Amino acid sequence: MNPIDLLRPLWRALPIDLHWRQRIKHFLLQGPLARLGSRQMAVLDAPAWDGDWSVLRPPLDAPADRLLVIDWKPPTPDLDSGSYRLRLILDLLLESGVAIDFIGDREAEHPDYAEALRARGITTLVGQSAALDHLAAQGHRYRQVWISRPEVAEVYLAPVRAHASQATVIYDTVDLHWVRFERGAAFASDPTELLERARHYRRLELANARAADRVIAITEDERARLLQEDPRLDVRVLPNVHPVVDRAAPLSARRDLFFIGGFQHEPNVDAMHYFAAEILPLVRAELPAVRLRIVGSHMPESVRQLDSPAIEAVGYAPEAEPYFAQARIFVAPLRHGAGMKGKIGQSLSQGLPVVTTSIGAEGLGLTHEDEALIADDPVEFAAAVVRLYRDEALWSHLSEAGLALMRACYSVPVVAARLRDLLTEPAPEPVASPQSDPSVSSTEPHAASLPPRETDRRVLILGIYLPEIANHAATLSRELLGSHDWEVDLRWASVSVSTSTSKSNAPTDPELEALTRLHSPERVPKFELLNRLLAEVEIERYRYLLVVDDDIELPPGFLDRFLAIQETRDFTLAQPARTHDSYTDHQFVNQLLGVESRRTRFVEIGPLFSLRRDGFASLLPFDEDAPMGWGLDFVWPVVLERHNQRLGIVDATPMRHALRKPVSTYDYTQTQTAMQAFLDRQPHLTLSEACIAGQTYPLTGPAAIASAP
């Protein structure tokens with residue numbers, strides 16, 4: 001037997017403390033037993049191997065109670081949006097009593113940025129060599145390690161796992177770089193290079209996400225994109241955070257247009273060239289005296305050369321607030337990019353209205369004409385700028401609505417609460433692997449407490465179709481009537497959209513015709529027709545009422561699975577999520593992959609919703625003050641929540657809405673005017689109050705819930 005194996009039990013049994021053990025080992029290694037070799041003597045304290053890796057960790061000289069944050073450099077909040085976000089996050093953590101250390105992979109532009117962290121009590125190290133030495137010596141002190149950005153995670157994930165093996169590793173994407181590069185390829189002189197970079201970053205970012213314990217996305221859309229790639233990821237959303245002013249100076253005290261952005265970020269460079277070439281000339285044709293001020297760090301010469309009587313290229317400014325306070329409109333004509341745009345959030349939080357594109361608006365929950373003006377066409381963008389510049393009532397509305405949205409979703413108290421949850425919530429149950437076949441029922445189904453088949457399995461489905469144009473009414477009928485678990489009563493109303501004839505010349509499906517209980521030769525509002533259909537039935541005989549439009553597609557077995565989930569999650573009012581190739585008014589309702597369902601305060605009036613019997617007394621008959629239903633989805637949650645009734649979205653059974661654009665058969669301006677008039681008379685939620693998810697239920701198997709026998 002090896003002499004060390006004989007000595008180890010005796011050595012471990014000696015009644016001496018750690019200090020004397022270390023002194024004795026040092027003497028032996030320098031003394032007569034040195035010939036045994038330092039490697040052999042060093043293992044005297046190690047217990048016999050039993051497969052437990054924890055014995056290889058160094059002894060703890062203090063508890064693992066600290067948070068380590070690693071980023072590419074000490075944050076430079078006056079230079080780039082990502083640093084601005086991180087600096088505020090660090091401040092929130094300090095205020096909550098978290099002990100923080102910081103590692104910057106490289107120096108910032110000036111040593112003062114690192115000193116600013118140290119002045120806040122954050123131990124700060126800069127450079128890989130110092131960082132790796134620190135991890136080797138102090139890695140055991142960390143309960144959590146927060147790593148920002150893909151290139152930084154690539155370098156530090158392995159040493160963090162080696163030296164802080166007890167820590168929960170959080171990977172902060174900041175934004176999905178591969179998405180940004182994919183979008184930018186369409187505007188690049190060499191799209192091949194950007195597409196190759198996108199492929200590289202996709203592999204890198206997904207590898208980082210899978211190696212971490214928890215992933216932070218900055219928007220719900222990017223969370224959904226990650227879960228689409230791998231539903232097993234634990235992805236949480238932590239948006240930008242912004243201090244919000246109480247009130248902004250009025251339009252009359254302001255002038256000109258404003259843009260701010262870090263110009264190391266290519267989408268900002270492209271946006272300014274695009275605006276100067278294609279939008280600003282159209283604006284100045286209507287507003288000849290208006291100017292654009294451009295502020296931002298690392299401004300390239302190509303942007304500086306835009307300086308002219310119409311454009312002031314300021315460059316870096318240490319304080320941005322005076323520019324926000326003086327400008328009348330913030331313009332963000334972004335054509336590509338990813339994540340949440342900090343510049344737009346900063347403008348809204350200062351009460352400065354924004355005109356932007358769909359790319360600029362994504363992730364913030366902005367609605368056109370409510371919190372911002374959104375236009376992707378240069379002519380429409382210019383028209384929006386001119387209109388907002390002149391319209392004081394619209395300007396004031398957007399300013400107040402933007403401030404309200406920021407307070408509700410992105411203010412310091414709101415994000416601080418989300419940050420606490422992110423750091424303290426346990427990991428969720430495992431979700432289905434991406435290889436799972438969703439058509440196969442789970443062998444251990446979730447306990448779906450469906451009502452007994454013989455007593456309470458009746459469903460009334462009411463639908464409206466337009467026989468003169470393409471629709472899916474016949475296909476939907478076959479799918480919904482094919483339920484195994486429910487007794488379905490399906491009734492359609494047909495509505496003519498033609499002004500020249502009262503009857504359709506299109507061929508009618510005989511089965512659909514047999515299910516059609518009402519023919520309207522003229523255009524009658526949707527909810528008036530629904531009330532006519534309701535008047536023909538004893539609604540209390542049914543457990544569920546479903547309302548369906550004719551331009552959607554449903555997955556096989558939809559009704560059984562959807563209602564099983566609604567029943568189990570106790571949703572009085574529910575809708576299926578929409579597939580990502582659908583038309584949507586609100587991105588909030590898009591399907592989240594890897595998610596079964598989520599409790600919300602928002603369920604749309606269409607194209608499909610389901611109301612359980614406990615909500616009939618509250619919502620039926622439908623309020624014909626909103627004959628097309630516009631605005632009801634902001635009133636319903638107020639009504640139902642008075643009775644402690646829940647609303648929800650079911651992601652596991654998505655509907656596809658791609659046949660006709662929303663409101664394609666109506667005038668959009670009239671719909672908005674009618675909705676606002678209705679809401680002015682009703683207690684209701686704002687969009688920012690409504691589109692917030694509460695408890696979210698992950699998928700727990702190939703089928704989220706199987707129908708009860």
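Quick caveat, the model's predicted, so the values are computed rather than measured.
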Is the backbone of Asp651 close enough, under 3.5 Å, to the side chain of Gln591 for a donor and an acceptor to pair up by distance? yes
Mind listing the closest non-hydrogen atom pair of Gly365 and Tyr410 along with its distance? N-OH, 4.2 Å
Is Arg335 salt-bridged to Asp270, going by a charged N under 4.0 Å from an acidic O? yes
Parallel, tilted or perpendicular: which describes the rings of Phe258 and Phe330, with under 30° parallel and over 60° perpendicular? perpendicular
Please find the pair of heavy atoms, one from Val69 and one from Leu86, that lie closest to each other, and give the distance. CG1-CD1, 4.2 Å
Pairwise distance SG(Cys409) to CZ(Arg418) - rounded to 0.5 angstrom: 8.0 Å
Within the structure provided, determine whether Arg236 and Val215 are in side-chain contact (heavy-atom separation under 4.5 Å). no
Could you tell me whether the side chain of Met272 reaches within less than 4.5 Å of the side chain of Pro333, counting heavy atoms only? yes
Could you give me the CA-CA distance, side-chain angles and deciding distance for Ile359 and Lys341, then say whether side chain to side chain contact (heavy atoms under 4.5 Å, CB included) is met? CA-CA 9 Å; Ile359 292 291; Lys341 315 309 181 292; 4.2 Å; yes
Are Glu205 and Arg180 close enough, and set up right, to give a salt bridge (Lys or Arg N to Asp or Glu O under 4.0 Å), and what steps lead you there? CA-CA 12 Å; Glu205 291 177 275; Arg180 171 155 45 90; over 6 Å; no
Salt bridge check: are Asp213 and Arg161 linked by an N-O gap of less than 4.0 Å? yes
Just wondering, do Leu93 and Leu423 contact through their side chains at under 4.5 Å, heavy atoms? yes
side-chain contact (heavy atoms from CB on, under 4.5 Å) with Ala416: which residues, sequence neighbours excluded? Leu92, Arg420
Is any side-chain heavy atom of Ile147 closer than 4.5 Å to one of Val160? yes
Heavy-atom neighbours of Glu107 CD exceed 12 at 6.0 Å: no
Quick one: which of Arg85, Met406, Gln350 gives a side chain to side chain contact (heavy atoms under 4.5 Å, CB included) with His242? Met406
What distance do Cys691 atom SG and Glu220 atom CD have between them, rounded to the nearest 0.5 Å? 10.5 Å
Dump the intermediate steps for side chain to side chain contact (heavy atoms under 4.5 Å, CB included) on His177 and Glu151, then the final yes or no. CA-CA 10 Å; His177 290 41; Glu151 307 91 337; 4.2 Å; yes
Please determine, by modelled atom types, if His273 and Ser302 share a side-chain donor-acceptor pair under 3.5 angstrom. yes
Are any non-hydrogen side-chain atoms of Leu88 and Val412 less than 4.5 angstrom apart? no
If you apply the rule side chain to side chain contact (heavy atoms under 4.5 Å, CB included), what do you find for Val145 with Thr168, and how did you get there? CA-CA 6 Å; Val145 178; Thr168 298; over 6 Å; no
Quick one: does NZ or CZ of Arg569 land under 6.0 Å from the six-membered ring centre of Tyr697, within 45 degrees of the ring axis? yes
Which heavy atom of Ala212 sits nearest to which heavy atom of Val169, and what is that distance? CB-O, 3.7 Å
Considering the options Ile89, Leu419, Thr173, Asp172, which one meets the side chain to side chain contact (heavy atoms under 4.5 Å, CB included) requirement together with Ile216? Asp172
Check Pro74 against Leu117 and note the closest heavy-atom contact, atom names and distance. CB-CD1, 4.3 Å
Does anything in residues 112-130 form a salt bridge (charged side-chain N to carboxylate O under 4.0 Å, His left out)? List the pairs, not counting sequence neighbours. Asp91-Arg120, Glu115-Arg118
I need the His163 NE2 to Tyr156 OH distance, nearest 0.5 Å. 12.0 Å
Measuring from atom OH of Tyr171 to atom CH2 of Trp146, what distance do you get when rounded to the nearest 0.5 angstrom? 13.0 Å
So, are Glu196 and Arg199 salt-bridged, with charged N and O less than 4.0 Å apart? yes
Drop me the distance from Ile70's CD1 to Ile103's CD1, to the nearest 0.5 angstrom. 4.5 Å
Less than 4.5 Å apart, side chain to side chain, heavy atoms only: is that true for Leu334 and Tyr274? no
Please name all residues satisfying side-chain contact (heavy atoms from CB on, under 4.5 Å) with Asp80, sequence neighbours left out, ordered by chain then number. Lys73, Thr76, Ser83, Arg149
Are Asp221 and Arg223 ion-paired here, with the side-chain N under 4.0 Å from a carboxylate O? no
If you take all heavy atoms of Gly360 and Thr356, which pair is closest and at what distance? CA-OG1, 3.4 Å
Once you measure the plane-to-plane angle for Phe259 and Phe263, does it fall in the parallel (<30°), tilted (30-60°) or perpendicular (>60°) bin? tilted
Contacts of Leu204 that satisfy side-chain contact (heavy atoms from CB on, under 4.5 Å) - sequence neighbours left out: Pro150, Glu154, His200, Tyr201, Asn208
Is the Lys NZ or Arg CZ of Arg66 less than 6.0 Å from the centre of Tyr142's six-membered ring, within 45° of the axis? no
Are Asn268 and Lys343 linked by a side-chain donor-acceptor pair shorter than 3.5 Å? yes
Do Leu90 and Ile100 have side chains that approach each other closer than 4.5 Å (heavy atoms only, starting at C-beta)? yes
Partners meeting side-chain contact (heavy atoms from CB on, under 4.5 Å) with Ser81 (sequence neighbours left out): none
Contact check, side chains of Leu366 and Ile344, non-hydrogen atoms, under 4.5 Å: yes
Is a donor from one side chain sitting under 3.5 angstrom from an acceptor on the other, for Tyr316 and Asp78? yes
Taking only residues two or more places apart in sequence, or in another chain, which ones meet His265 in a ring pair (Phe, Tyr, Trp, His ring centres under 6.0 Å)? none
Correct closest heavy-atom pair for Ser411 and Arg407 would be OG-O, 2.8 Å
Rounded to the nearest 0.5 angstrom, the CG-CG distance for Leu226 and Leu206 is 6.5 Å
Salt bridge check, Arg225 against Glu362: does any charged N sit closer than 4.0 Å to a carboxylate O? no
Just by modelled atom types, is the Ile170 backbone N or O under 3.5 Å from a matching donor or acceptor in the Arg214 side chain? no
